[in-house]
Amino acid sequence: MFESDENDVWEDLSNIPADPPVMRDLCVNCQRPSVVCWCLALPSERLSPRSTIILLQHPAEEKRCLRTAPMLQLGLAPNKCLIFKGKRFPSLKHENLEKLLTQPNTVLLYPSKTAIDIRSLELVCDNYNLVLIDGTWPQAKAIFASSPILHNLRHVKLMTTNTSSYIIRTQPTEGCLSTLETAAEALSQLENNSIYREQLVQPLHILCKYQLENGAVTHQSKEFLIKTNTYPKLIGKRLSKLLRSTSDNIEEKV
């Protein structure tokens, strides 16, 4: 009996194909499987703003399947979206980054106490290097804290009532936008041109539509789930503090 079972096992093993499994065809542009490629939704001609986006990307972002930074980079003209990866900036591997960060027209989009409305920059300069930190909120705070050069930049913030179209990913609060949406809105406000918020986010709509058609569900923000007592986890002090500060900011605007 045992010999028969052993023979069955070896027979099963012998039927395993020696060749590796056939991989799905990848789009040469976005590097996603062709069946879920969103390149058709990119602007017909890559947009060329006066300003340049500089993304400081946490290494964990690159591992995410559903990222928006590639949409931004492919939607803008070459050298209009520069991506540097790391947890501390600049470092020796970040060629030319320190030079960019020390230019007088470089600003950081970050909600510090000294941040001003990004629209107030319009009359000061014709073009900017706009720095964004690409990562979760805890990752963004850690990058900011460990990169003193960022503290010396002028800080700006977005004043908008837009809600995120990235509905297949849970956001911390109602007002949070994806990296793509943040950059698109910032460019539209800086350059007084709605083409960036209208065209750059189209690939995100296609991505979410495909995911929803294939089993994904829409996600409410953690803030909404907590307020409606439907958040399945206990919240920590950090998230509780973030939610309180968001509520305070909303009350101030009102």
Can you confirm whether Y110 sits close enough to L150 that some side-chain heavy atom of one is under 4.5 Å from a side-chain heavy atom of the other? no
Positive for side chain to side chain contact (heavy atoms under 4.5 Å, CB included) with E185, one of I118, T160, L109: T160
Do the side chains of L47 and L187 get nearer than 4.5 Å, heavy atoms only? no
Please tell me whether D134 and T179 have a donor and an acceptor in their side chains that are separated by less than 3.5 angstrom. yes
V201 versus E198, closest heavy-atom pair with distance: CG2-O, 4.1 Å
Please examine the side chains of P70 and C30, heavy atoms only from C-beta on, and report whether any two atoms are closer than 4.5 Å. no
Indicate yes or no for a side-chain donor-acceptor contact from R154 to the backbone of P104 under 3.5 Å, with no hydrogens or angles considered. yes
With a 4.5 Å limit on heavy-atom distance, are the side chains of T52 and N127 in contact? no
Pairs of donor and acceptor atoms involving the side chains of residues 75-91, under 3.5 Å and at least two apart or interchain, shall be tabulated with distances.
unit_1: K80; atom_1: NZ; unit_2: P49; atom_2: O; d: 2.9
unit_1: K80; atom_1: NZ; unit_2: R50; atom_2: O; d: 3.1
unit_1: S91; atom_1: OG; unit_2: H94; atom_2: ND1; d: 3.1

Would you give the length of the straight line joining atom OG of S146 to atom NZ of K141, rounded to the nearest 0.5 angstrom? 13.0 Å
Point-to-point distance, once rounded to the nearest 0.5 Å, from OG1 of T114 to NE2 of H151: 10.5 Å
Rounded to the nearest 0.5 Å, what's the gap from CG on L190 to CG on L158? Could you check? 8.5 Å
Any heavy-atom pair between the side chains of T68 and L207 that's under 4.5 Å? no
Quick check: does any side chain N or O of E191 sit under 3.5 Å from a backbone N or O of S51, one acting as donor and the other as acceptor? yes
Do the side chain of S188 and the main chain of R197 share a donor and acceptor less than 3.5 angstrom apart? yes
What distance do Q31 atom CD and L26 atom CG have between them, rounded to the nearest 0.5 Å? 6.0 Å
Are the side chain of Y128 and the backbone N or O of L121 linked by a donor-acceptor pair below 3.5 Å? yes
Kindly compute the distance separating CG (L40) from CD (Q202), expressed to the nearest 0.5 Å. 12.5 Å
Might you point out which heavy atoms bring T136 and E61 nearest each other, and give the distance in Å? N-OE2, 4.1 Å
side-chain contact (heavy atoms from CB on, under 4.5 Å) involving Q103 - partner list, sequence neighbours excluded: K99, L100, N105, T106, N129
Rounded to the nearest 0.5 Å, what's the gap from NE2 on H155 to NZ on K113? Could you check? 13.5 Å
Shortest non-hydrogen separation from R46 to L74 and the atoms involved: NE-O, 3.2 Å
Answer whether the closest heavy-atom distance between the side chains of N152 and P148 falls below 4.5 Å. no
Are the side chain of E181 and the backbone N or O of S178 linked by a donor-acceptor pair below 3.5 Å? yes
Would you call V107 and L153 a side-chain contact if the rule is heavy atoms closer than 4.5 Å? no
